[in-house]
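Written out below as structure tokens is the structure these notes cover.
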Amino acid sequence: MSVTIKSEHEIELMREAGRILSIVHDEMAKVIRPGVTTMAINRKGEEVIRSYGCIPSFLNYNGYPASICVSVNEEVVHGIPDKKRVLKEGDIVSLDAGVIYKGYHSDAARTHAVGEISEEDKKLIAVTKQSFFEGVKMARAGNHLFDISKAIQDYAESFGFSVVREMVGHGIGKKLHEEPQVPNFKPIGRGMKLRPGMTLAIEPMINRGKKEIWKLDDDWTCVTRDSQNSAHYENTVLITEGEPELFSYNKDLA
């Protein structure tokens, strides 16, 4: 397994890619409301990405037809924006976006309420976000990769939610997806030892119901098999000698 350790110059470029991506997410969040289409969110995201001289990471990636993955309710990830898909009161919507800045990627996801949502969905969104931060506590040099995975799984499952197995986090840098894979559940073993300069996209995908998912006929959109809602939260993370650095997270915006 070849894992890239980033130089100071590469880290600076990825830091800027992440800063821009946090702004993209903030601007997309402002347009979410009942009556807006998923395509309108995609257009807004791409507009902001390009306004900073960046390229959308996802557009045409392995044939994906849009710049933002917009996944509604039981859609776990990779929902395709559609001008006919209208958000309604009570929906939840996950936005997954990536930015290429001077050849380097950042990747982040957020799940939002559309108007007033159920208490259970509020809890799902909050637990999914916090499960990321529980994982990040373990994202320190000297720890092992699956320490992150175990922390995410333990936290999410303690609330009765389930963790998607088929979709995982990943290394990131010059490529959107690099080694290593970062599961959100604890596999057998400990995984590789974390080293300063590693950059990871950590992204829990948590379901209200069972963990099983399947893919729709569009060959992209993944949905829960039991049609229960799912939430997604992700940031690009730098492993350091001390506290990990979150490139795509601005506490004043996120």
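Since the structure is predicted, the reported quantities are computational estimates derived from the model, not experimental observations.
For residues 182-210, the salt bridge (Lys or Arg N to Asp or Glu O under 4.0 Å) pairs, not counting sequence neighbours, are Asp121-Arg208.
Side chain of Ser149 to main chain of Pro183: a donor-acceptor pair is present (N/O by atom type, distance under 3.5 Å, no hydrogens or angles). Under the 3.5 Å distance criterion, the side-chain polar atoms of Thr240 are matched with a main-chain donor or acceptor of Gly242.
Residue Tyr61 is not grouped with residue Ile55 when hydrophobic side chains (ILVMFWY) are merged at heavy-atom distances under 4.5 angstrom, including chains of intermediate members. Linking Ile, Leu, Val, Met, Phe, Trp and Tyr residues whenever their side-chain heavy atoms come within less than 4.5 Å leaves Ile100 and Tyr104 in two separate clusters. Taking hydrophobic clusters as Ile, Leu, Val, Met, Phe, Trp and Tyr residues chained together by side-chain heavy-atom distances below 4.5 Å, Ile68 shares a cluster with Val48. Hydrophobic clustering of Ile, Leu, Val, Met, Phe, Trp and Tyr side chains at less than 4.5 Å, counting indirect connections, unites Ile41 with Val72. Both Tyr233 and Ile148 are assigned to one and the same hydrophobic cluster, defined by single-linkage of ILVMFWY side chains at heavy-atom distances under 4.5 Å.
Note that CG of Asp219 and CD1 of Ile80 are 9.0 Å apart. Values are rounded to the nearest 0.5 Å. Distance CZ/Arg19 to OH/Tyr101: 8.5 Å, rounded to 0.5 Å. Distance check, rounded to the nearest 0.5 Å: CD1 of Ile206 to CG of Leu124 gives 8.0 Å. Taken from CD1 in Ile23 to OG in Ser248, the straight-line distance is 12.0 Å, to the nearest 0.5 Å. Between atom CG of residue Asn229 and atom CD1 of residue Ile125 there is a gap of 8.5 Å, rounded to the nearest 0.5 Å. Rounding to the nearest 0.5 angstrom, the gap separating the CG atom in Leu176 from the CZ atom in Phe58 is 5.5 Å.
When only modelled atom types and interatomic distance are considered, Ser230 and Asn207 share a side-chain donor-acceptor pair under 3.5 Å. There is no side-chain donor-acceptor pair under 3.5 Å between Lys129 and Ser131. Using a 3.5 Å distance cut-off with no hydrogens or angles, the side chains of His105 and Ser57 do pair a donor with an acceptor. For the residue pair His78 / Asp218, no side-chain donor-acceptor distance below 3.5 Å is found, with atom types taken as modelled.
Taking all atoms of both residues into account, the shortest heavy-atom contact from Gly45 to Val24 is O-CG1, 4.0 Å. The nearest pair of heavy atoms linking Phe247 to Thr199 is CE1-CG2, 4.0 Å. Closest approach of Cys54 and Ile20 over heavy atoms only: SG-CD1, 3.6 Å. A pairwise comparison of heavy atoms in Ala29 and His112 identifies CB-CE1, 3.6 Å as the closest pair. For the residue pair Val70 and Pro81, the shortest heavy atom distance occurs at CG2-CG, 3.9 Å. When all heavy atoms of Ser71 and Gly79 are compared, the closest pair comes out as OG-N, 3.0 Å.
Annotation: side chain of Ile152 is not in contact with side chain of Glu134 (no heavy-atom distance under 4.5 Å). A heavy-atom distance below 4.5 Å is not found between the side chains of Leu87 and Thr37. Leu59 has its side chain out of reach of Tyr64: every pair of non-hydrogen atoms, C-beta onward, lies at least 4.5 Å apart. A 4.5 Å side-chain heavy-atom check between Pro65 and Trp220 finds at least one atom pair inside the cut-off. In this structure, the side chains of Asp82 and Met39 stay at 4.5 Å or more apart for every pair of heavy atoms. Looking at heavy atoms from C-beta onward, Val136 lies in side-chain contact with Leu246 at the 4.5 angstrom threshold. Using a 4.5 Å heavy-atom cutoff, the side chains of Ile5 and Met198 are in contact. Contact annotation: the side chain of Phe132 approaches that of Val237 to within less than 4.5 Å [non-hydrogen atoms, C-beta and beyond].
Around NZ of Lys150, the count of heavy atoms belonging to other residues, nucleotides or ligands within 6.0 Å does not exceed 12. Around the NZ atom of Lys122, the shell of radius 6.0 Å holds more than 12 heavy atoms that belong to other residues, nucleotides or ligands.
Just one of Lys44, Arg50, Arg43 meets the side chain to side chain donor-acceptor pair (under 3.5 Å) condition when paired with Glu46; it is Arg50. Just one residue in the list Asn73, Thr111, Thr128 forms a side chain to side chain donor-acceptor pair (under 3.5 Å) with Ser94, and that residue is Thr111. Considering Ile239, Asn235, Asp107 in turn, Ile239 is the only one that fulfils the side-chain contact (heavy atoms from CB on, under 4.5 Å) rule with Leu200. The only option from His177, Glu179, Glu178 that meets the side-chain contact (heavy atoms from CB on, under 4.5 Å) definition with Lys175 turns out to be Glu178.
Looking at residues two or more places apart in sequence or on another chain, you find no salt bridge (Lys or Arg N to Asp or Glu O under 4.0 Å) involving Lys102. Scored by the salt bridge (Lys or Arg N to Asp or Glu O under 4.0 Å) test, Glu8 finds no partners at all (sequence neighbours excluded). For Tyr155, the ring-ring contact (aromatic ring centres under 6.0 Å, His included) partners are Phe159, not counting sequence neighbours. Partners of Thr38 under the side chain to side chain donor-acceptor pair (under 3.5 Å) rule, at least two apart in sequence or in another chain, do not exist in this structure.
Ion pair Glu245/Arg15 flagged as a salt bridge, since at least one NZ, NE, NH1 or NH2 atom sits closer than 4.0 Å to an Asp/Glu carboxylate oxygen. Between Glu243 and Arg140 a salt bridge is recorded (basic side-chain N to carboxylate O distance below 4.0 Å). The pair Arg85-Glu75 meets the salt-bridge criterion, since a charged nitrogen lies less than 4.0 angstrom from a carboxylate oxygen.
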Take Ser67 and Asn42 through the side-chain contact (heavy atoms from CB on, under 4.5 Å) test and state the conclusion after the steps.
-> CA-CA 6 Å; Ser67 296; Asn42 176 76; 3.7 Å; yes
From CA spacing to verdict: salt bridge (Lys or Arg N to Asp or Glu O under 4.0 Å), Glu234, Arg110 | CA-CA 7 Å; Glu234 174 186 22; Arg110 308 281 187 264; over 6 Å; no
Evaluate the salt bridge (Lys or Arg N to Asp or Glu O under 4.0 Å) criterion for residues Lys30 and Glu27: first the C-alpha distance (whole Å), next the side-chain angles of each, then the deciding distance (0.1 Å), finally the verdict.
-> CA-CA 5 Å; Lys30 292 175 182 176; Glu27 291 301 312; 2.9 Å; yes
CA sep, side-chain torsions, deciding dist, call: Met14, Thr236, side-chain contact (heavy atoms from CB on, under 4.5 Å) = CA-CA 9 Å; Met14 292 187 68; Thr236 302; 4.1 Å; yes
Using the side-chain contact (heavy atoms from CB on, under 4.5 Å) rule, take Leu13 and Ile11 through it: C-alpha gap first, then chi angles, then the decisive distance, then the call.
-> CA-CA 5 Å; Leu13 294 177; Ile11 288 168; over 6 Å; no
Under the side-chain contact (heavy atoms from CB on, under 4.5 Å) rule, what do Phe185 and Glu157 come out as? Steps first, then yes or no, please.
-> CA-CA 10 Å; Phe185 60 95; Glu157 291 183 351; over 6 Å; no
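In this structure, Tyr249 has its ring center closer than 6.0 angstrom to the ring center of Phe133.
Its side chain within the 4.5 Å cluster rule, Val76 clusters with Val77, Val164, Met167, Met205, Ile213 among the Ile, Leu, Val, Met, Phe, Trp and Tyr residues.
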